[in-house]
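Residues take their numbers from the sequence shown, with the count starting at 1.
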Amino acid sequence: VIWPQIAAIITAIGTIVLGWFTYNQHSKNKMTDAKIENMKDEAEKKNEIRNEKMAKIYGVLWRILYETKADRVYIAQPHPLTNALYLSVGIEVKRKGLAKNAIEDTLSLSEVANFAAELSRREFMLYADAVGEVRDNRAKALFYCNGTESAVIRRLHNNQDWVGSLFVEFTHKKTDLIPATLREMLAEAANEIQFDLPEYKGTGKWK
């Protein structure tokens, strides 16, 4: 007589326990789904903000290309920022017919150590004869491969840390370059973009 009652009690307890586990798992699934949705929303917002910033940066580069009558304008970024090992160009505008930029995605900073040191330290550089004036042999070769005769470079920084360099290149020697005018123009451009420049992660990706 007692055993059927015990069996009924065990069955009831089992039902309660099973119900609790089912409810608990359902709640966990709901929480997981909510977290996934939040992560998706955050990723979409970050992507939208990054796209807006990139559009703004490209607009500034096109403006420089037009106003200076340059042939190529781009931003070379060191990465990773915490321990820069490479220099890459992910943002560039240029005249039609120009070949691909000679600075590749995996250009090691050690290959252009002297030039990289100048890029990270000097705010403004102007080379009327880029190949003749640049002292770093690897950088000289890159300018040559780009067909660059004259170049103007502006350091980009975020809270004093070097985050990139703005290059304005001409495929013909520019004898009418006015340092003061270019310095002012590129300083204005740098202020517009350097704090919005996404961190480059390599292989065409930004953080």
Side-chain angles (χ1 to χ4, degrees), residues 46 49-65 68 70 72-94 100-128 130-131 133-146 148 150-170 177 179-207:
K46 285 182 180 179
I49 291 171
R50 184 167 57 246
N51 288 342
E52 288 177 1
K53 289 180 178 180
M54 293 292 277
K56 174 185 174 182
I57 292 169
Y58 271 107
V60 171
L61 298 195
W62 277 113
R63 188 183 73 210
I64 294 171
L65 188 80
T68 62
R72 190 193 300 271
V73 179
Y74 59 91
I75 297 174
Q77 293 178 251
H79 63 93
L81 283 181
T82 52
N83 181 29
L85 298 173
Y86 306 104
L87 190 67
S88 300
V89 173
I91 307 172
E92 178 181 31
V93 298
K94 60 184 180 181
K100 182 181 177 181
N101 200 308
I103 298 181
E104 298 176 358
D105 185 60
T106 55
L107 176 66
S108 173
L109 280 178
S110 62
E111 294 182 50
V112 287
N114 294 330
F115 190 58
E118 288 192 283
L119 291 177
S120 66
R121 185 179 66 251
R122 294 177 59 185
E123 182 179 77
F124 179 83
M125 292 181 279
L126 188 152
Y127 299 105
V131 175
E133 296 174 25
V134 173
R135 290 175 294 178
D136 187 288
N137 288 331
R138 180 70 171 124
K140 189 192 298 282
L142 291 169
F143 277 129
Y144 179 80
C145 291
N146 267 352
T148 304
S150 301
V152 186
I153 306 168
R154 177 56 156 82
R155 177 178 179 266
L156 302 176
H157 63 85
N158 189 341
N159 297 324
Q160 300 307 312
D161 294 325
W162 177 46
V163 296
S165 294
L166 176 60
F167 283 71
V168 182
E169 297 183 358
F170 305 85
L177 294 174
T181 301
L182 288 166
R183 185 186 292 270
E184 183 179 349
M185 179 190 295
L186 296 190
E188 180 181 338
N191 287 333
E192 286 186 69
I193 64 179
Q194 59 193 2
F195 296 107
D196 287 331
L197 186 64
E199 181 184 347
Y200 192 70
K201 307 298 288 183
T203 64
K205 296 179 181 179
W206 283 263
K207 184 175 181 180

Once side-chain hydrogen bond (donor to acceptor under 3.5 Å, both in side chains) is applied, do any residues pair with [X], and if so which ones, sequence neighbours excluded?
X    : result
T68  : none
S108 : S110
S165 : W162

Open item on the list: When you compare the side chain of V168 with that of L182, does any pair of heavy atoms fall below 4.5 Å?
Closed with: no

TODO: With the side chain counted from C-beta on, respond yes when L119 and F167 share a heavy-atom pair under 4.5 Å apart, and no when they do not.
DONE: yes

Task: Steps toward side chain to side chain contact (heavy atoms under 4.5 Å, CB included) verdict (L186, I153) - done: CA-CA 8 Å; L186 296 190; I153 306 168; over 6 Å; no

Open item on the list: I need the minimum non-hydrogen distance between V112 and A139, along with the two atoms involved.
Closed with: CG1-N, 3.9 Å

Run the side-chain contact (heavy atoms from CB on, under 4.5 Å) test against [X] and tell me which residues pass, sequence neighbours left out.
X    : result
R121 : A117, E118
E92  : R72, Y74, V89, K94, N101
N158 : V163, F195
A187 : R154

In chain order, what residues pass the salt bridge (charged side-chain N to carboxylate O under 4.0 Å, His left out) check against [X], with sequence neighbours excluded?
X    : value
E184 : none
E192 : R63
D196 : K56
R183 : none

